[in-house]
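Quick notes on the structure that follows.
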Amino acid sequence: MTLEIGVLGYRFMGKAHANAMARLPMFFPDAPEVERSVLVGRDEETLSDAADRLGFDSISTDWNEVVDDVDVFYNLGPNHVHREPSVAALEAGTPVFCEKPLAPTLEEADVMAETAREAGDDVPAGCAFNYRFVPAIRYAKRLLEAGELGEIRQVRGRYLQDWLVDPEAPWSWRNDEEMAGSGALGDLGSHTVDLLRFLVGSDDLAGEIERVSGHLQTFVDERPVEGGDETRPVTVDDAYTAQLEFENGAVGSLEGTRVAAGHKNDHTIEVHGSEGSLRFSLERLNELEVLRTDENRGYETILVTDADDPYVDHWWPPGHVLGWEHTFVHENYEFLSAVASGDAFEPNFDDGLAAQQVLDAIERSDERGERVALE
Ligand code: SOE
């Protein structure tokens with residue numbers, strides 16, 4: 001059976017997912033066969049060029065016509081376009097893979113998660129948190145779940161970028177509250193929150209995040225529109241920080257920013273337990289650093305490229321490192337396999353909603369100037 005895929009969005013994420021689909025038959029021969037069937041967007045000319053480049057058979061400028069026609073619908077559009085087409089697809093019984101954050105607001109994320117629950121387990125609704133599919137992150141999860149770090153006491157997550165340091169950097173939908181929801185908080189913080197939930201969120205580790213305090217800041221209030229003299233207001237945060245309290249009493253701190261000069265896509269996670277610590281950096285994504293308290297003489301660097309490391313046997317011999325794009329191949333493999341077999345897929349819309357609840361609480365805390373509990 002060949003799965004016909006409809007994809008809304010052909011820019012950054014469209015390219016990343018189309019590339020992943022193209023790699024599947026070569027490197028994951030047990031993945032279901034897929035056909036990049038229809039590419040959805042607004043402008044026919046740009047869409048046709050993109051469809052040729054990304055290997056799609058056809059184009060459509062109306063997602064309504066696509067959502068119940070295809071076997072799987074990918075929603076890779078800007079955040080404000082996540083809800084309506086995703087809900088329509090799920091109501092038509094079509095599995096959906098939606099980019100993160102799940103929606104601009106908690107209310108919209110709630111509706112999406114509720115629709116996904118009603119659609120049932122055999123209509124997977126995935127939220128594309130691709131960093132869960134880094135082999136070193138999976139390796140870290142194994143260590144944590146085997147109890148090797150003991151009781152989890154403290155976690156730290158930082159996602160630093162610098163593409164808005166320059167006040168003349170152009171305005172985009174990512175700077176607009178209506179379209180994006182929030183700025184660094186939603187775009188980057190959603191990844192960090194999801195990774196922490198994935199790594200330490202189970203009941204026998206730290207559990208869910210229960211209380212937060214947060215602070216959001218915007219440094220440049222308006223930005224030039226590309227190709228004109230106009231400027232538009234920036235209505236989202238350039239940077240955020242937050243403190244977390246987990247169910248088991250563990251504490252955490254988060255940072256996300258688009259103005260950290262010198263940091264391009266620098267996502268780091270650190271976990272400290274009673275028996276040891278671990279740290280991961282996206283800039284060295286083939287490695288995991290682990291310290292055990294019984295050999296407390298500095299971190300050991302583990303090169304996570306052995307054949308028995310997660311996903312690695314599909315690629316190259318040890319040391320022939322993987323990159324950012326491989327995370328998309330792995331998540332597409334897992335998601336499309338779940339669609340074909342009718343198995344559950346995670347991260348799903350409930351995971352997207354859980355991340356959104358934390359982001360929303362961070363915003364509420366910033367507005368009120370006090371620590372808030374998750375609702
Ligand atoms: C832009 O900040 C961005 O592309 C995010 O939207 C992605 O989710 C992240 O992986 C890289 O940076």
Side-chain angles (χ1 to χ4, degrees), residues 6-19 38-54 56 58-66 74-86 98-105 108 128 159-191 215-240 256-266 324-325 359 363 366-367:
V7 173
L8 185 158
Y10 48 80
R11 294 188 196 280
F12 189 14
M13 286 303 112
K15 204 161 148 187
H17 287 276
N19 173 60
V38 47
L39 191 62
V40 186
R42 280 180 305 185
D43 175 63
E44 275 198 25
E45 207 182 311
T46 330
L47 203 49
S48 292
D49 285 350
D52 286 347
R53 221 171 357 98
L54 303 179
F56 283 81
S58 63
I59 61 164
S60 169
T61 53
D62 184 1
W63 57 258
N64 274 296
E65 285 176 3
V66 173
Y74 277 49
N75 192 335
L76 314 179
N79 304 348
H80 70 294
V81 187
H82 286 182
R83 179 178 51 89
E84 227 190 323
S86 300
C98 182
E99 263 306 328
K100 45 54 56 180
L102 190 57
T105 63
E108 288 184 67
Y159 202 148
L160 316 181
Q161 296 187 340
D162 70 358
W163 53 283
L164 288 183
V165 168
D166 181 357
E168 294 303 311
W171 186 93
S172 75
W173 68 266
R174 291 177 189 274
N175 295 122
D176 183 76
E177 190 181 5
E178 294 271 296
M179 289 193 258
S182 59
L185 176 67
D187 189 32
L188 306 178
S190 61
H191 276 305
H215 186 200
L216 277 61
Q217 186 61 275
T218 307
F219 299 100
V220 178
D221 292 335
E222 52 183 61
R223 290 187 172 273
V225 177
E226 209 155 26
D229 301 331
E230 216 193 318
T231 61
R232 284 204 194 139
V234 172
T235 48
V236 298
D237 56 291
D238 288 325
Y240 85 95
T257 170
R258 294 163 164 175
V259 295
H263 298 261
K264 302 297 169 198
N265 197 34
D266 180 5
W324 182 80
E325 73 275 21
L359 306 180
E363 271 186 298
D366 177 57
E367 280 156 22

First locate atom CG of Leu47, then atom CZ of Arg42, and finally report the distance between them rounded to the nearest 0.5 Å.
11.0 Å
Any non-hydrogen side-chain atom of Thr231 less than 4.5 Å from a side-chain atom of Trp171?
no
Measure the shortest side-chain to side-chain distance between Asp221 and Val234 over non-hydrogen atoms and say whether it is less than 4.5 angstrom.
no
Student check: side-chain heavy atoms of Asp162 and Lys264 closer than 4.5 Å
yes
Inter-residue atom distance Asn265.CG - Tyr159.OH, 0.5 Å rounding
3.5 Å
Taking the side chain as everything from C-beta on, heavy atoms only, tell me whether Ser60 gets closer than 4.5 Å to Glu65.
yes
Neighbour count above 12 (heavy atom, 6.0 Å) for Glu44 CD
no
Below 4.5 Å, heavy atoms only, C-beta onward: do Leu76 and Phe12 meet side chain to side chain?
no
Output the distance between atom CE (Met13) and atom CZ (Arg11), rounded to the nearest 0.5 Å.
13.0 Å
Verify salt bridge (Lys or Arg N to Asp or Glu O under 4.0 Å) between Arg258 and Asp187, making sure each step is shown before the conclusion.
CA-CA 10 Å; Arg258 294 163 164 175; Asp187 189 32; 3.4 Å; yes
Given Leu164 and Val220, is the side chain to side chain contact (heavy atoms under 4.5 Å, CB included) satisfied, shown in steps?
CA-CA 9 Å; Leu164 288 183; Val220 178; over 6 Å; no
Any chance CD of Glu178 has more than 12 other-residue heavy atoms, nucleotides or ligands included, within less than 6.0 Å?
no
Using side-chain heavy atoms (C-beta onward) and a distance below 4.5 Å, is Leu54 in contact with Lys15?
yes
Should Val7 and His17 count as side-chain neighbours, where that means a heavy-atom distance under 4.5 Å?
no
Donor-acceptor contact present, side-chain His82 to main-chain Glu108, <3.5 Å
no
Side chains of Asn75 and Glu99: donor-acceptor distance under 3.5 Å anywhere?
no
Report yes if some heavy atom in the side chain of Glu363 is under 4.5 Å from a heavy atom in the side chain of Leu216; otherwise report no.
yes
So which of Cys98, Pro104, Ser182, Ser190 actually passes side-chain contact (heavy atoms from CB on, under 4.5 Å) with Asn79?
Pro104
Any donor-acceptor pair under 3.5 Å from Asp237 side chain to Leu185 backbone
yes
